J.: 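Handing you this structure, nothing more for now.
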Amino acid sequence: MKIHIISIFPESFESYFNSSILWRAKEKWLFQCELYKLNDFSDNNFKRVDTKAYGMHWQVISPEPLAKSIEFIIDKVGHKIPVIYMTPSWELLNQEKVEQYYKILDNEFIIICGHYEWIDQRIIDLYVDYQISIWEYVLTSWELAASVLIDALVRHIPWVLWNTESLEQDSFSEKFDRQKEYPVYTRPEIFMSKQVPSILLSGNHSEIEKWKKANLT
Ligand SMILES: C[S@@+](CC[C@H](N)C(=O)[O-])C[C@H]1O[C@@H](n2cnc3c(N)ncnc32)[C@H](O)[C@@H]1O
């Protein structure tokens with residue numbers, strides 16, 4: 001999977017993508033992330049990319065640098081790829097949608113991250129294929145919303161997770177009948193007077209499977 005991210009703060013992705021499972025996925029070339037600084041596409045002498053919105057008091061991202069950056073990526077890739085815009089007010093993301101996006105995004109896509117409150121609507125009308133909300137609340141950071149989507153998608157790439165069973169037993173997943181996972185225990189057997197359910201210590205796999213089904217949360 002290759003993700004092109006346009007952002008004013010591309011560095012904000014680095015610590016997150018350079019740790020744990022996403023870092024390992026990048027090291028194994030299972031997931032590639034190309035970061036583009038939006039200001040590099042500005043014709044303004046000060047590399048500004050924002051301006052005042054018509055009829056409102058807030059700043060928005062101007063259409064020109066966004067259009068230039070999107071066209072640049074499409075030219076570089078050699079064909080049109082899906083463009084995603086994260087927004088609180090559109091289609092809500094859940095595990096079912098993540099599974100659908102994983103299939104339809106075709107392994108390579110662009111995510112636009114702006115700044116301030118909004119981007120010019122014409123960019124959405126002209127270029128954006130999917131508008132995705134990570135749920136009904138408003139974040140300050142566009143990069144954070146994009147990272148949530150990326151993390152949920154990357155998990156589905158074969159070999160990213162060591163144990164494919166974890167993906168099959170992910171809460172809300174299709175393979176797990178959209179249910180939530182059962183409780184999990186480890187050593188010690190007794191912790192603060194609370195005991196691990198004895199069936200999990202029995203070694204009886206069919207009974208353990210029954211216990212798991214009966215204890216879905
Ligand atoms: C401060 S928010 C803008 C909110 C906008 N004024 C509104 O009320 O919908 C800045 C940006 O962060 C991203 N963002 C914030 N919350 C989000 C969410 N729940 N899902 C997806 N993106 C979100 C979006 O790209 C959004 O445009």
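In this text, all values refer to a predicted model and were calculated from it rather than measured experimentally.
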J.: Any donor-acceptor pair under 3.5 Å linking the side chain of Ser133 with the backbone of Pro88?
T.: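 Here the side-chain-to-backbone pair exists.
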J.: Does Cys33 reach the side chain of Phe17, with side-chain heavy atoms less than 4.5 Å apart?
T.: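 Side-chain contact under 4.5 Å: yes.
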J.: Which pair of heavy atoms, one from Arg155 and one from Val160, lies closest together, and at what distance?
T.: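 Closest approach of Arg155 to Val160: CA-CG1, 4.4 Å.
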J.: Taking the basic N atoms (NZ, or NE/NH1/NH2) and the acidic carboxylate oxygens, is any pair closer than 4.0 Å for Glu99 and Arg178?
T.: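 Looking at Arg178 together with Glu99, the answer is yes, because their closest N to O distance falls below 4.0 Å.
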J.: Work out which heavy atom in Asn215 is nearest to a heavy atom in Trp211; give both atom names and the distance.
T.: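 Closest approach of Asn215 to Trp211: ND2-O, 2.7 Å.
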J.: How many angstroms lie between atom CZ of Arg122 and atom CG of Asp120, to the nearest 0.5 angstrom?
T.: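 Arg122 CZ to Asp120 CG: 4.0 Å, rounded to 0.5 Å.
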J.: Quick one: CD on Gln131 to OG1 on Thr87, what's the gap to the nearest 0.5 Å?
T.: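 The OG1 atom of Thr87 is 6.0 Å from CD of Gln131, to the nearest 0.5 Å.
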J.: Should Phe176 and Leu216 be marked as a side-chain contact (heavy atoms from CB on, under 4.5 Å) after you check the CA-CA gap, both sets of side-chain angles, and the distance that decides it?
T.: CA-CA 10 Å; Phe176 207 53; Leu216 293 168; 3.6 Å; yes
J.: Can you tell me if Asn204 and Ser206 form a side-chain donor-acceptor pair at under 3.5 Å?
T.: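 On atom types as modelled, these side chains qualify, holding a pair under 3.5 Å.
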J.: Cluster question for you: counting only ILVMFWY and a side-chain heavy-atom cut-off of under 4.5 Å, with indirect links fine, are Trp135 and Ile132 together?
T.: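 Yes; Ile132 is reachable from Trp135 via cluster members.
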J.: Ala25 and Val154: which non-hydrogen atoms are nearest, and at how many Å?
T.: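 Scanning both residues completely, I find the closest heavy atoms to be CB-CG1, 4.3 Å.
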J.: Consider only side-chain N and O atoms of Asp129 and Tyr85, and report whether a donor and an acceptor are under 3.5 Å apart.
T.: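 Result is no, nothing qualifies.
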J.: Hey, which of Trp58, Trp142, Phe9 is the one that makes ring pair (Phe, Tyr, Trp, His ring centres under 6.0 Å) with His115?
T.: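 Running ring pair (Phe, Tyr, Trp, His ring centres under 6.0 Å) over Trp58, Trp142, Phe9 with His115 returns exactly one hit, Phe9.
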J.: Between Glu209 and Lys212, is a salt bridge (Lys or Arg N to Asp or Glu O under 4.0 Å) present by the stated rule, with each step listed?
T.: CA-CA 5 Å; Glu209 285 310 310; Lys212 285 184 187 171; 3.1 Å; yes
J.: Would you call Ile157 and Phe31 a side-chain contact if the rule is heavy atoms closer than 4.5 Å?
T.: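 Side-chain contact under 4.5 Å: yes.
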J.: For the aromatic rings, using the six-membered ring if either is Trp, is the centroid distance between Phe72 and Phe41 under 6.0 Å?
T.: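 Centroid distance Phe72-Phe41: below 6.0 Å, so yes.
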J.: Check step by step if side-chain contact (heavy atoms from CB on, under 4.5 Å) holds for Glu96 and Glu174.
T.: CA-CA 7 Å; Glu96 191 175 348; Glu174 187 181 11; over 6 Å; no
J.: Can you find a pair of side-chain heavy atoms, one from His156 and one from Leu167, that are under 4.5 Å apart?
T.: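 Yes, at least one pair of side-chain atoms sits under 4.5 Å.
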J.: What are the two closest heavy atoms between Ile123 and Pro63, and how far apart are they?
T.: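 The pair with the smallest heavy-atom distance is CD1-O, 3.4 Å.
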J.: Evaluate the salt bridge (Lys or Arg N to Asp or Glu O under 4.0 Å) criterion for residues Lys76 and Glu34: first the C-alpha distance (whole Å), next the side-chain angles of each, then the deciding distance (0.1 Å), finally the verdict.
T.: CA-CA 12 Å; Lys76 188 167 122 174; Glu34 298 228 2; 2.7 Å; yes
J.: Applying side chain to side chain donor-acceptor pair (under 3.5 Å) between Arg48 and each of Asn44, Asn45, Asp50, report the one that passes.
T.: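 Considering Asn44, Asn45, Asp50, a side chain to side chain donor-acceptor pair (under 3.5 Å) with Arg48 is found only for Asp50.
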J.: So how far is it from Lys37 NZ to Ile5 CD1, rounded to the nearest 0.5 Å?
T.: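 Atom-to-atom, Lys37:NZ and Ile5:CD1 are 14.0 Å apart.
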J.: Do the two ring centres, one from His4 and one from Phe109, sit under 6.0 Å apart?
T.: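 Ring centroids of His4 and Phe109 are no less than 6.0 Å from each other.
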J.: Measure the CD-CG distance between Gln100 and Asn94 for me, rounded to the nearest 0.5 Å.
T.: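 Rounded to the nearest 0.5 Å, the CD-CG separation comes out at 8.0 Å.
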J.: Relative to Trp159, does Arg24 satisfy both conditions: NZ or CZ under 6.0 angstrom from the six-membered ring centre, and within 45 degrees of the ring's axis?
T.: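 No cation-pi geometry.
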J.: CD1/Ile3 to CG/Leu149 distance, rounded to the nearest 0.5 angstrom?
T.: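 So the gap between those two atoms works out to 7.5 Å.
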J.: Indicate yes or no: at least one non-hydrogen side-chain atom of Glu11 is less than 4.5 angstrom from one of Glu143.
T.: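 The answer is no; the side chains never approach within 4.5 Å.
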J.: Decide yes or no for Ile21 and Leu161: does some side-chain heavy atom of the first lie under 4.5 Å from some side-chain heavy atom of the second?
T.: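 Of all side-chain heavy-atom pairs linking Leu161 with Ile21, at least one is under 4.5 Å.
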J.: How about Ile61 and Ile8: do any of their side-chain heavy atoms sit closer than 4.5 Å?
T.: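 Yes, side chains in contact.
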J.: I need the Cys113 SG to Met86 CE distance, nearest 0.5 Å.
T.: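 Atom-to-atom, Cys113:SG and Met86:CE are 8.0 Å apart.
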J.: Does this structure show an ion pair linking Glu71 with Lys68, if we count only N-O contacts that are shorter than 4.0 Å?
T.: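 No, this pair does not count.
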J.: Heavy atoms, side chains only, cut-off 4.5 Å: are Ile112 and Val128 in contact?
T.: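 A side-chain contact under 4.5 Å exists here.
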J.: Within the 4.5 Å heavy-atom criterion, are Leu66 and Ile119 side-chain neighbours or not?
T.: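 SC-SC contact between Leu66 and Ile119 confirmed.
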J.: Using salt bridge (Lys or Arg N to Asp or Glu O under 4.0 Å), reason through Lys175 and Asp170 one step at a time and then give a plain yes or no.
T.: CA-CA 8 Å; Lys175 293 214 168 108; Asp170 268 350; over 6 Å; no
J.: If you look at every heavy atom in Ser62 and Pro65, which pair is closest and at what distance?
T.: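 Scanning both residues completely, I find the closest heavy atoms to be O-CD, 3.5 Å.
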